[in-house]
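Here the structure comes first, spelled out in structure tokens, and everything after it is commentary.
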Amino acid sequence: MRSLTPLGVQISSLEQFGSSSKAGNITINPEDGTIFVALERFSEDEGIEIDILQITSDNSEPEVIASFTSPVLAPFPKPDHLGETLNLHYLPDDRSLVILLAGGDIATLALEGSDGGVAPVEVVGSVDSGIKAAAWAPDDEQIVLVTGENNLVCMTRHFDVIHEEPLRSDDFGEDKFINVGWGSKQTQFHGSLGKSAAKQPINIEESLSHPTDSGLPIITFRGDASYFAISSLDYYPNTPEKCRRQIRIYSRDPNTGFIPKLSSTSENLPGLEPSISWRPSGNLISTLIRYGYKGGGEGRQGKWDIAMLERNGLRHGGFELRENKQTWENDKVNQIQWNSDSEVLAIWIQRQDQDVVQLWSMKNYHYYLKQELFSHDPATPRFKGFKWHPEDPLSIYLFGENFVQARTFVWDTYTARLPMPQDTASVAVVDGQKLLITPFRTQNTPPPMSSYHLDLPSVPVHVSLSDITDSLALLFSDGLVQVWDLSTRLPDPKSGSRLRGGGKVAEPKLRYSSTIKAEGKRLVKQLAIGPNGKVAVLSWIEKDGSSACKIDVIDEKDQPEVIDLEGDVERLLWAGEGGLLALSAEGQLTSVASDESVDITLGPHPTALTYSASSDLIFALSPNAKLHLTSLSPSSNMSTAIASNVTSYTLTPDFLIYTTTSQTSHYAPLPTLKRLADGADLSPNETSWDERRVERGSLIVTACESSMSLVLQMPRGNLETVYPRALVLAVVKQDVLSGNYRNAFLQCRKHRLDLNVLYDLDPVQFMKNLKDFVEQVPEVDYLNLFVSSLNSADSALVLYADHAQEPSASSSKPVDKVDSLCDSLRTILEARGVEQYIETILTTHVCKQPADYESGLKVLLTLQADHPEIVEDAIKYIIFLSDVNKLYDVALGMYDFQLVLMIAQYSQKDPKEYLPFLRELRALDKWDQRFRIDDHLARRESALRNLKQSGPERFEEASSYLSRYELYDEAFKLYNDEPQHLQVVHDLYGDYLYDRRDFTDAAISYILAKKDQKALKAYEKAHAWRELFTLAKTLDVSKDDTIQICARVTDHLSSRGRHLEASQIFIEYAQDVDSAVDVLCRGADFSEAYRLTSLHDRNDLVESMIHPGLEEAHEALTETFEEMEGQLDKEVNRLKELKKIRENDPESFYIVDTEPAIEGVDVVTNATTAVTGFTRYTVAPTTVFSQATKLTGMTGMTGRSKKQKKKATGRKGTIDEYEYLINSLSKLLIRVDEKSSEAIALLRHLILATSDHVELSKSLQEYMMKFRLKLDKSIDESWENRQEILNQLIESGGTGLESGLGLEKAFNLVKPEVKSWKGLGILIS
């Protein structure tokens, strides 16, 4: 669906070198585009003088860089268009030219000689018989010649002959077919003719060359240089005046030094002509066949075929040239050649009045004629040859006797970008004298077919479709301009996106035509159709010896306006208020004859340039596949690159759509790009555009926003239409906000979008227009689909990233969106008729959250009497919509057996499942019946209420029922006015709490139930000793029982460290001073113990209990400090070991990963798990399986808990262990401070006891002071160089301390301080 658009034109005149000098051949330097021309003139001594010209790409004047003379001319006849310079070739590696003359001389020209300048021409050799044909291999390592004696000669690039053999051979070649006779005439059944018919000779028409055949061979190489083919004349053995064309294919085997060997010979092809070209991709050899003359192709008089041959010489397709009979009779095809990427075939045809070079392209096995190239000078209409650029596939160089044309093209898709709803998405494709047009909004016609076509007077140079009206303009090589109104028929919005009822797709009509006057030498390049049918035509002209560009602006009134331009202009563009814009070859976009000044730099030679009227943006695609944008209002001097590796793009009123080499299509909103072009900062969400995968190599043809479609063309030529989510969402949003709910609903349904978006885009408006929604979408099925799709999520925020910024998004949305929408919709439908919308009404009940089955069934009950036929279908529908078991249970819970039977029957439940149960229920009275139903449905509260309604005689059953199902809340409500029954409920509730170990509340409930013994037991279990002894006193519990209670309670209290409370119980309720003092000594509460002995005159207990208690407390505290000192010694010693590890092996200490990363390994195998040095720290022997389990995480411990445990213990020998020990010392200091506070109280009592206890206090105080000093010193040593260690961790790049938060926490850790502690000071001396 692409066409070739002319882009650059560079024409160099050679007239200044005299009329006797004529261009003989050209070559191109692929690095900078410099053209080298061999300019020939005959000398007086019947020799040839050759000047080598250089034409640079900056359009400067041709310069003679070297000259030489050859005394020998071609010793054989040759056609007029061929000069004596048979081949001119540029060698990039040597920066030299190789010149081969038909007379046989071989010369070289070094462009960089020993002195840095151009060296003289050196004739390195000569072929005595002359050279008929020559061709260089694509790798420039070998040259193949055909001499005047028809010998095939192969030389190296240094002109050493490596092979020579006769050109003509009767041998087919090494790849000769093996014929076993299958399918031949001899193996066929001949009926009544018998076997003799099989022996009759087959008549094969004699193949003869055409009189216009030059007789010269032509050589062509395959793109990879592994094969070459030669088309040559072969004379018949017995009749030398007769000859035919043959093509021989040679292979070049690198194993034999690239010596060519005949591989195959073409089949007999009558009418075969000299022109031949091997497609660089290697699959086909293109040649020419002429039909309709004696010895030529059979039949089809006046026709030419471009035939395609396979490497084995057999024909494989082709196409017909579109030339008239007059050209066929008198003229010929001089040359055919493929371009470097095998996309375009150039055919040079010599017509009677002028020469033309046609450019053909193939898609879907159809060959399109894209361009016809003519001479710019009417005085010299003939060419002498052409060449493609070796690397730039769309640059072609044509030369005549006194000129050289350099023409550049780009692939362009001629598409209409009309605004909605008039967008037709029409695409025009040039195919010779037909313009194929397809409006993709209404038809998707696969190429090479089209919806319709325009018959044209000649092949158009350029086509432009209007972005304002449904029209197009065409430009022809003779300056003719035609403007057509297409009148494309658009579909009715109610009928969808396709035409209905037949009729023409379009009715095109020629609006006007005009011809641009020719002034001397001229080439028309492009045109652009603007507002009001205006057309701007860009032309290259030569005036007064200098070249320039001009623009002719014409309109329907035929009042042309001429604008002269400076420099080389490549493109024209109509851009809204910016008027007409011109793009120079340097990439400068400027305004032309406009009040608004525009001067924007886009970059040189963009391959595509587009204007978006909706956003006032200009997009350009650079040759290196970068997509640039710039704004016209306000105008910006520079463009912004927004994407790279772009292969194609198009515009819609709302989106920029482009594809990339990663097989992805992107959809960028134009409002966002407008803000980007204006310099605004975009959030990450705004720069994250929708994407969609596409087939490899697919290119965009067009996009139609009205039909939400994107048309892509695959590499092989077929079309694929997709419906991108971004386009669909844009149209749906526009329809919803404009109130066109039906179209929005249908599009959501078609493209499987969440129907909630109809509401979520603007909830207030939708609820306000809900009645209009029902009128636009009256179908019951559609309404059912809408209601059943409702959910509480906000789909607009999910589908539209920018929706949160819109005012409608901030409007209050009800929390119960689904319920409120169902209720409102049901009200409207009930007013329109319950009978008509019964299914939708039921859907609104069932789809509520939670589903309201009961209300839906009530609707059926109201219709049962008057519309039984509706109810039957409605029950089937609600069964389909719901869980039938839940529906059956709801109907049963309504206590309506008729409704239950209807649900059961239509749900196809087995009668054996429900009929016995229903019969059993019918035999019961009302409240028993309802109790059984509620119990069956697990509605326990309702069942208990119905059981109470059955009477007081059922209380025992009710109490058992409420106890079984723990219905105490409902029971307290039901029996609140019945004290006798309420006590039973409290008793049951107390048992329930007691079993749940809620003993305190259970005791209260027992008291309310007058179960005092149970309450006493519950208080004891709750260890609420105050409430316990209060109740025991009230119940007058015996002294023995009280003492037993005291023993049990005090045991519990003392085990929990509540020694003071235990002693209080012994004193107040058991009058046991000994036990009270004993429990206080065990709790180290010596002050209270002394007080009790003094209060009760029991000084004997001081010696017997308190003093031994002091000694036990001293011993326990001493053991604690010894344990802490042992821990301190271990940790300090380990820190010293870690210091040595850090000095000797810092990489291990800081956990630096020195092993190379292994890419592509994502599976851990347990086959080669090695036992490491860490195995010795494990508790149990580690098996291979258990190690693999650790790696794969197949244990009960989560990865996070493993990580935390590993971090807590510290990895041995690393900075993690170092940090763990530092933290452990800080925790040890906290514990030491706590125990030091306890020691103060103990010392105060020891010093007041006996002299032995005074000695104990001295030893304890001295030991503690020494230990604290030791701890202080150890902390100082451990914190030494800590800051240096942490800094080295960062510098080494190790993974210790988990780098992030762990490292930050380590830096923030404060060194602990051991505060001064003196104990009792001088009191202990």
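Along the sequence shown, residues are numbered consecutively beginning with 1.
- Checking Arg290 against Thr212 by side-chain atom types alone, a donor-acceptor pair falls below 3.5 Å.
- Between Phe221 and Phe228, the ring-plane angle classifies as tilted under the 30° and 60° cut-offs.
- Scanning all heavy atoms of the two residues, the minimum distance from Trp348 to Lys384 falls at CH2-C, 3.3 Å.
- With salt bridges taken as basic N to acidic carboxylate O contacts below 4.0 Å, one links Arg248 and Asp234.
- Counting heavy atoms from C-beta on, the side chains of Met308 and Ile285 never come closer than 4.5 Å.
- At a threshold of 4.0 Å, the pair Arg300-Glu320 counts as salt-bridged, since one of the basic side-chain nitrogens sits closer than that to a carboxylate oxygen.
- Across all their heavy atoms, Arg279 and Arg222 have their closest contact at O-CG, 4.4 Å.
- Side chains of Gln350 and Asp355: no donor on one and acceptor on the other come within 3.5 Å.
- No hydrogens or angles considered: a donor-acceptor pair under 3.5 Å links the side chains of Gln443 and Ser451.
- Relative to the six-membered ring of Tyr723, Lys750 meets both conditions, a distance below 6.0 Å and an angle of at most 45° to the axis.
- Residue-environment remark: CZ (Arg696) stays at or below the threshold of 12 foreign heavy atoms within 6.0 Å.
- Of the residues Thr424, Thr445, Val427, the one that meets the side-chain contact (heavy atoms from CB on, under 4.5 Å) test with Thr438 is Thr445.
- In this structure, the side-chain contact (heavy atoms from CB on, under 4.5 Å) partners of Arg725, at least two apart in sequence or on a different chain, are Leu729, Leu753, Leu799.
- The only option from Asp470, Asp423, Thr442 that meets the side-chain hydrogen bond (donor to acceptor under 3.5 Å, both in side chains) definition with Thr488 turns out to be Asp470.
- With contacts defined as side-chain heavy-atom distances shorter than 4.5 Å, the pair Asn339/Asp341 qualifies.
- With 3.5 Å as the limit, one finds no donor-acceptor pair spanning the side chains of Ser3 and Asp412.
- When side chains are defined from C-beta on, Val333 counts as touching Leu321, because their heavy atoms get closer than 4.5 Å.
- In this structure, the side chains of Thr721 and Leu710 stay at 4.5 Å or more apart for every pair of heavy atoms.
- At a cut-off of 3.5 Å, with distance as the only test, a side-chain donor of Tyr227 or Arg311 sits close to an acceptor on the other residue.
- Trp304 places a side-chain heavy atom less than 4.5 Å from the side chain of Leu288.
- Between the side chains of Asp431 and His366, at least one donor-acceptor pair of N or O atoms lies under 3.5 Å.
- What you find for Ser622 and Thr607 is that their closest heavy atoms are O-OG1, 4.1 Å.
- Counting all heavy atoms, side chain and backbone alike, Ser232 lies closest to Pro217 at CB-CB, 4.0 Å.
- Side chain of Gln371 to main chain of Leu4: a donor-acceptor pair is present (N/O by atom type, distance under 3.5 Å, no hydrogens or angles).
- Here His210 pairs with Tyr293 under the ring pair (Phe, Tyr, Trp, His ring centres under 6.0 Å) rule; sequence neighbours left out.
- Side-chain N/O atoms of Trp388 and Ser340 include no donor and acceptor closer than 3.5 Å.
- Side-chain atoms of Glu323 and Gln358 form a donor-acceptor pair, as typed in the model, at a separation below 3.5 Å.
- In this model, no donor atom of one side chain and acceptor atom of the other lie less than 3.5 Å apart for Thr650 and Tyr658.
- The shortest heavy-atom contact between Asn268 and Ser207 is OD1-CB, 3.4 Å.
- For the pair Thr415 and Phe440, the minimum side-chain heavy-atom distance is 4.5 Å or more.
- Listed for the Lys370 side chain is a donor-acceptor partner under 3.5 Å among the backbone atoms of Arg2.
- One finds no salt bridge joining Asp455 and Lys434 here, because no Lys/Arg side-chain nitrogen approaches an Asp/Glu carboxylate oxygen to under 4.0 Å.
- Minimum interatomic distance between Pro6 and Gln526 (heavy atoms only, all atoms of both residues): O-NE2, 2.7 Å.
- Applying the side-chain contact (heavy atoms from CB on, under 4.5 Å) test to Arg315 and every residue at least two apart in sequence or in another chain returns Glu267, Ile289, Tyr291, Asp305, Ala307, Leu309.
- Phe374 is listed as a side-chain neighbour of Gln354, based on a closest heavy-atom distance under 4.5 Å.
- Looking only at side-chain heavy atoms (C-beta outward), Ile247 and Thr265 stay at 4.5 Å or farther from each other.
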Exercise. Give the C-alpha distance, both sets of side-chain angles, the deciding distance and a yes or no for ring pair (Phe, Tyr, Trp, His ring centres under 6.0 Å) between His666 and Tyr649.
Key: CA-CA 9 Å; His666 301 259; Tyr649 77 94; over 10 Å; no
